[in-house]
Amino acid sequence: MSAAWTQNLLYLALLLGLAFPLGNFMAKVLEGEQTFLSPVLGPLERGLYRLMGIKEDEDMGWKAYAWSITLIKLLGLVAVFVLMKTQAALPLNPEHQGNVATDLSFNTAVSFITNTNWQAYGGESTLSYLTQMLGLTVQNFISAATGIAVLVALIRGITRRSATGLGNAWVDLVRSTLYILLPLSFVFALFLVSQGLIQNFSAYVHTAGGQVLAMGPAASQIAIKMLGTNGGGFFGVNGAHPFENSSPLSNFVQTLSILAISAGLCITFGRMVKDRRQGWALLATMTLIFVGALAVCTQAEAQGNPALTRLGADQVASAVPGLEQPGGNMEGKELRFGPGPSALWATATTAASNGSVNAMHDSFTPLGGLIPMWLMQLGEVVFGGVGSGLYGMLMFALVAVFIAGLMVGRTPEYLGKKVEAFEMKMASIAILLPCAAVLIGTALSVLVANAAASVSNPGPHGFSQILYAWSSASNNNGSAFGGLSVNTPFYNYGLAVAMLLGRFGVFWPVLALAGSLVKKKHTPEGLGTLPTHTPLFIGVLMGVVLLVGALTFIPALALGPVAEHLTLRNLQ
Amino acid sequence: MNLQLRPALVSFVALSVITGLAYPFVITGLSRLVFPRQAGGSLIVKEGQVIGSEWIGQSFTSSKDFWGRPSATVDANGKPLPYNAANSGGSNLAPSNPDLHKAVTERIAALRAADPDTTGPVPVDLVTASGSGLDPHISPAAAAFQVHRVAKARGLDEAKVRDLVTAHIESPQLGVLGEARVNVVKLNLALAALPPQ
């Protein structure tokens, strides 16, 4: 077995192993039960509620819930924007970074409140430490917590019967942040520092040889950047930067942290709907699609670039002592990781809405780069973003039971709730809106002359760069084919609109759907009910996810990565 | 709906203070206590002067030194400045881009010209730009490829240089994670410290 697959299997084993304890813990937190953290954080939590003037058991209807989430995001938008526009006059700016341009500030603010974390900015060359902490780190927490909150509201919509309330958005937000995200980040950040990530407030270090080393409080931001599936880097090259991702162990644990909470939430789901098999079925569906994607990406990157073999570069991996080399497609990759862990990261970061990178996706082989692009286009429901991945997958589950219901001519139901016209409308909007944003945005960019001029690679790959950018923004991923010059008003504003659609255009219909489900009575299981925990259902669900993704995007993918793949093979 | 303004404002401010100020400051304080070296950037200090970081590669061009990965970083004006640790970046060249093929051809030619005696295959990591442009490592094969040239330029015994390289090979972490690698910054420092023959 190759070294890459040893690491891949170890990864899968640990990911699934961690999902269970983490999922159970999160269920306890979200249901308001006592945990080992309650004695420490309980007083803080209750103090916050008093300051906010709310009661823990105050229920909200779906509109109030959605409005609350929207409101805190808008506050975040304003805060990040103002910080970026005024950072020159604010403290914690030893490098005297200037105020940021309006279009870039707006794009970055939108990108962080929507959990996209698209990097049109260059981290160490643009932002002050205060902006990184008080602007970006805060949004890393809040945008992830809102994802969990919306998911929990949807789960309550499924489990509560003939009710109206979906829970309290503020309580869900505070609990997710205080009990889940903050403690995990705390431990994780210290671990990362032990591996060589930096954490300081020093000015940049000038070496005797004239090299300037960027500094800053990186580890604390990177911990939540990974755990909260945010992905916005402290540095320009994100997780490829040795100060952002130092040792192979740091890399492995960071890759694990991308999917850990999202995988765990499947278990949380099973516990909260009081049928653990339902959670396992969703987790199994995600894992199966993930493994398939990972296999293609790993293989493509290990094979290397046929054009370079022709030029005389040796791309064959070697394990001969003293002559070891990773081989494979090494352009844009870090030696300490090599092609295997780079492919694993690329697959995980786009399966989730993370979007961090530890290698330059733009330089991936055509098929290796197709996988991340396609995973985003599926709507990031394979594990997906924290909370958002699972609520996205639940939309697909509703479509799956609906299609199965049509086949046998019965009103479809999911977990005892009838799925009717309104639910299908909302699920369709949530699934199709990001797809439409990807294709329309790509088409516009190709038509507008100066947008098309932003591409840095000739031929089909140039089209891939544009398609990747819109896939990433519309699905709130944030990774990029980095050669595309996106720091222009067209892309800064255009992609910001796509990011807003991809977040608000999804969670509003999801909550509306939850508000409709919560009112319904429980329909007892009958002979005609399709069980939603069986291998059969896993197959149907996979089929629906893959079909929607394939039907929508195969034409566009054929023009980009597929065409490039065929061209590159013919070069030989 | 107006009812939600107070909790929104309060929770936003409170969570900002907790996660945006308290959390990074506490982590910084603890890091300085427990891992001061790492938190400060794992700096290499020689005779009271900072000469680099063990995690950040440097641009080595002398034939007496081992060379690292090609670096695609640029300065503030977009001009090439390899290993610019204040502006990290990769080439973002597509595998099909003729510019990549040209760059690799030139790099292979330069390696061959610098050392006509070594005729073995050129390890790919030596002719492809790293992701960060700051990669401190090369593969053991890429180091072995340069042993003859470095030994000759320094007038050292080839076996001695080879032993030094072998001593600098770091295995995959915990036996399975990542790649075997050689830190070029550390290797060149050790090389400079070798007594002349």
Side-chain angles (χ1 to χ4, degrees), chain A residues 6 51-54 67-68 71-72 75 125 133-134 137-138 141 170 189 193-194 196 198-200 207-208 212-214 217 220 235-237 240-242 246 248-249 252 305 307 311-315 323-326 330-336 338 359-360 362 365 457 461 482-483 564 568, chain B residues 1 4 6-8 10-12 14-16 19-20 24 27-28 31 35 38-42 49-53 55-56 85-90 92-97 101 104-105 108 121-125 127-128 130-132 134-135 137 139-141 144 173 176-181:
Chain A
T6 312
L51 271 177
M52 291 155 74
I54 60 160
W67 170 245
S68 305
L71 200 55
I72 196 156
L75 285 173
S125 59
M133 288 159 49
L134 201 54
T137 304
V138 171
F141 277 98
W170 306 116
V193 177
S194 83
I198 57 173
Q199 178 74 24
N200 60 57
T207 69
V212 181
L213 304 174
S220 56
F235 298 104
V237 286
H241 198 295
S246 51
L249 181 61
F252 186 78
N305 181 350
L311 300 175
D314 181 11
Q315 295 181 91
L323 289 172
E324 297 98 334
Q325 67 154 333
M330 283 302 288
E331 180 72 23
K333 291 195 178 61
E334 296 289 289
L335 194 277
R336 61 196 180 281
M360 298 299 109
D362 215 350
T365 59
N457 285 298
H461 195 90
E564 190 191 6
L568 203 55
Chain B
M1 294 228 199
Q4 302 302 335
R6 176 174 167 197
V10 173
S11 62
F12 184 72
L15 291 179
S16 292
T19 63
I27 295 288
T28 308
S31 303
F35 310 109
Q38 290 95 321
S42 309
Q49 280 191 309
V50 176
I51 54 167
S53 159
W55 283 114
I56 305 291
N87 191 13
S88 57
N92 283 312
L93 291 175
S96 59
N97 194 324
H101 306 162
V104 170
T105 308
I108 291 178
V122 182
V124 68
D125 59 292
V127 293
T128 45
S130 63
S132 62
L134 308 173
D135 197 340
H137 299 111
S139 67
Q173 211 170 356
V176 289
L177 301 180
E179 297 290 336
R181 59 207 180 276

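Note: hydrogens, waters and symmetry copies are ignored here, and every other heavy atom, side chains too, is used. So you know, we letter chains A, B, ... as the sequences are listed, proteins then strands, and number each from 1.
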Legend entry - chain A interface, residue from Ser11(B), Ser88(B), Gly178(B) that has the most non-hydrogen pairs under 4.5 Å: Ser88(B)
Inset, instruction - Name the option with the most non-hydrogen atom pairs under 4.5 Å to chain B; the candidates are Ala240(A), Ser246(A), Ala214(A), Ser68(A). - result: Ser246(A)
Inset, instruction - Would you please say whether a donor-acceptor pair under 3.5 Å links the side chains of Asp314(A) and Gln325(A)? - result: yes
Inset, instruction - Indicate whether any N or O donor in one side chain lies under 3.5 Å from an N or O acceptor in the other, for Asp125(B) and His137(B). - result: no
Inset, instruction - Find out whether Leu93(B) and Met360(A) are in side-chain contact, i.e. whether some heavy atom of one side chain is under 4.5 Å from a heavy atom of the other. - result: no
Legend entry - Residue selection (most heavy-atom pairs with chain A, distance under 4.5 Å) from Val10(B), Val50(B), Asp135(B), Val122(B): Asp135(B)
Inset, instruction - Using a cut-off of under 4.5 Å on heavy-atom pairs, state which of Gln315(A), Glu324(A), Met330(A) scores highest against chain B. - result: Glu324(A)
Legend entry - Contact winner vs chain A - Gly89(B), Ala85(B), Ser31(B), heavy-atom pairs under 4.5 Å: Ala85(B)
Legend entry - Any donor-acceptor N or O pair under 3.5 Å, side chains Glu179(B), Ser139(B): no
Legend entry - Residue among Val104(B), Asn87(B), Val124(B) with most heavy-atom pairs under 4.5 Å to chain A: Val124(B)
Inset, instruction - Answer with side chain, backbone, both or neither: which region of Glu564(A) has an atom nearer than 4.5 Å to a non-hydrogen atom of chain B? - result: side chain
Legend entry - Between Gly338(A), Gly196(A), Gly236(A), Pro217(A), the one whose heavy-atom pairs under 4.5 Å with chain B are most numerous: Gly196(A)
Inset, instruction - Check whether any side-chain heavy atom of Thr19(B) lies under 4.5 Å from a side-chain heavy atom of Met133(A), and answer yes or no. - result: no
Inset, instruction - Please list, chain by chain and in numerical order, all residues satisfying side chain to side chain donor-acceptor pair (under 3.5 Å) with Ser130(B), sequence neighbours excluded. - result: none
Legend entry - Choice from Gly482(A), Ala208(A), Ser194(A), Ala359(A) maximising heavy atom contacts with chain B below 4.5 Å: Ser194(A)
Legend entry - Contacting moiety of Ile54(A), where chain B heavy atoms sit under 4.5 Å: side chain
Inset, instruction - Work out which heavy atom in Thr28(B) is nearest to a heavy atom in Gln199(A); give both atom names and the distance. - result: OG1-NE2, 2.8 Å
Inset, instruction - With a 4.5 Å cut-off on heavy-atom pairs, point out which of Ala180(B), Gly90(B), Ala94(B) contacts chain A the most. - result: Ala94(B)
Inset, instruction - Please state whether the side chain, the backbone, both or neither of Ile108(B) comes within less than 4.5 Å of a heavy atom of chain A. - result: side chain
Inset, instruction - Could you check if a side-chain atom of Trp55(B) sits within less than 4.5 angstrom of a side-chain atom of Leu213(A), using non-hydrogen atoms only? - result: no
Inset, instruction - Please flag which part of His241(A) lies under 4.5 Å from any non-hydrogen atom of chain B: side chain, backbone, both or neither. - result: both
Legend entry - Greatest number of heavy atom pairs closer than 4.5 Å to chain B - which of Phe252(A), Trp170(A), Phe235(A): Trp170(A)
Inset, instruction - Could you tell me whether the side chain of Leu323(A) reaches within less than 4.5 Å of the side chain of Pro140(B), counting heavy atoms only? - result: no
